[in-house]
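Just below is one structure, and these are the notes that go with it.
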Amino acid sequence: TQLLEQSPQFLSIQEGENLTVYCNSSSVFSSLQWYRQEPGEGPVLLVTVVTGGEVKKLKRLTFQFGDARKDSSLHITAAQPGDTGLYLCAQETSGSRLTFGEGTQLTVNP
Amino acid sequence: DAGITQSPRYKITETGRQVTLMCHQTWSHSYMFWYRQDLGHGLRLIYYSAAADITDKGEVPDGYVVSRSKTENFPLTLESATRSQTSVYFCASRWGPSTDTQYFGPGTRLTVL
């Protein structure tokens, strides 16, 4: 069974700080997705990365896919309270299914 | 409104009762999925469907039944609810391969007493 490990599990920071969260797998990703989930809602896709070494930017969020395609990171610059949420990574497994990590719960305090 | 909807949003039931959670999407997406989300376990796949009349088990299918007679609907039935099935259930859909955007419904919070 492919396992996705996310770290840290919890992160509480002040507004304006930078942060990085990580997603690691025991096997090579064919593709990786990052989602954000706010309380009481379903997850929403932020980005899909496919190519090893790929870097994608979404405003203050920078997503990186490791060269060996076994790890990924999400960096947030100058975090804001609106960034608060559960950040989930997901990888494709057999049958076009997605397997999710347990997530990083981020709290940005004003 | 277009999108993916779930009903009910909240449900309380008793052990042993049958419960059906509904999921409806208006995009004619081929793939539909049911997940449960629990603290310490993240999102776990219960069942999924690649098209109407095609369903397959996910990671935690025991105690659940699904059907997909129409492309837009994917109901999930708990045949005899147990306390361990207390959870938040999310339905999701997408058009094609796993690199496509997967859209999630708002979730159903189910409590089994």
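If you're wondering where the values come from, they're calculated on a predicted model, not measured in any experiment. A note on names: the letters A, B, ... follow the listed sequences, proteins ahead of strands, and every chain is numbered from 1. These values consider heavy atoms only, across backbone and side chains, with no hydrogens, waters or symmetry-generated copies.
- Residue Gln9(A) does not touch chain B at all, counting heavy-atom pairs closer than 4.5 Å.
- Heavy atoms from other residues, nucleotides or ligands lying under 6.0 Å from CD of Glu5(A) number 12 at most.
- Heavy-atom distances place both the backbone and the side chain of Leu43(B) under 4.5 Å from chain A.
- More than 12 heavy atoms of other shown residues, nucleotides or ligands fall within 6.0 angstrom of atom CG in Leu58(A).
- Residue Leu88(A) is not grouped with residue Leu46(A) when hydrophobic side chains (ILVMFWY) are merged at heavy-atom distances under 4.5 angstrom, including chains of intermediate members.
- Neither the backbone nor the side chain of Arg44(B) comes within contact range of chain A, judged by heavy atoms closer than 4.5 Å.
- A donor-acceptor pair under 3.5 Å is formed between the side chain of Gln33(A) and the backbone N or O of Asp100(B).
- For a residue to count as touching a neighbouring chain, one of its non-hydrogen atoms must lie under 4.5 Å from one of that chain's; by this rule Tyr103(B) does not touch chain A.
- Here Gln37(A) contributes atom CD and Phe104(B) contributes atom CZ; the two are 8.0 Å apart, rounded to the nearest 0.5 Å.
- Residue with the most contacts toward chain B among Ala90(A), Gly103(A), Pro43(A): Pro43(A) (heavy-atom pairs, distance under 4.5 Å).
- Under the 4.5 Å side-chain heavy-atom criterion for Ile, Leu, Val, Met, Phe, Trp and Tyr, Tyr89(B) and Leu45(B) are members of distinct hydrophobic clusters.
- When the shell of 6.0 Å around CD of Glu15(A) is examined, it contains more than 12 heavy atoms from other residues, nucleotides or ligands.
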Carefully, step by step, assess Leu45(A) and Gln102(B) under the rule side-chain contact (heavy atoms from CB on, under 4.5 Å).
CA-CA 7 Å; Leu45(A) 180 67; Gln102(B) 187 159 307; over 6 Å; no

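- Within 6.0 Å of CZ in Arg17(B) there are 12 or fewer heavy atoms belonging to other residues, nucleotides or ligands.
- The 12-atom threshold is not exceeded at CG of Leu39(B), counting heavy atoms of other residues, nucleotides or ligands nearer than 6.0 Å.
- Heavy-atom neighbours of Lys57(B) NZ from other residues, nucleotides or ligands within 6.0 Å: at or below the threshold of 12.
- Following chains of ILVMFWY side-chain contacts shorter than 4.5 Å, one cannot reach Met22(B) starting from Leu110(B), and the two form parts of different hydrophobic clusters.
- In this structure, the portion of Gln37(B) lying under 4.5 Å from any heavy atom of chain A is its side chain and not its backbone.
- Here the side chains of Asp38(B) and Glu102(A) are not in contact, with every heavy-atom distance at 4.5 Å or above.
- To the nearest 0.5 Å, the span separating CZ on Arg94(B) from CG on Leu98(A) amounts to 5.0 Å.
- If you measure heavy-atom distances from Val44(A) to chain B, you find no contacts under 4.5 Å at all.
- Residue Leu32(A): no heavy atom, backbone or side chain, is found under 4.5 Å from chain B.
- Per-residue heavy-atom pair counts under 4.5 Å with chain A were compared for Tyr31(B), Tyr48(B), Phe90(B), and the maximum is reached by Tyr48(B).
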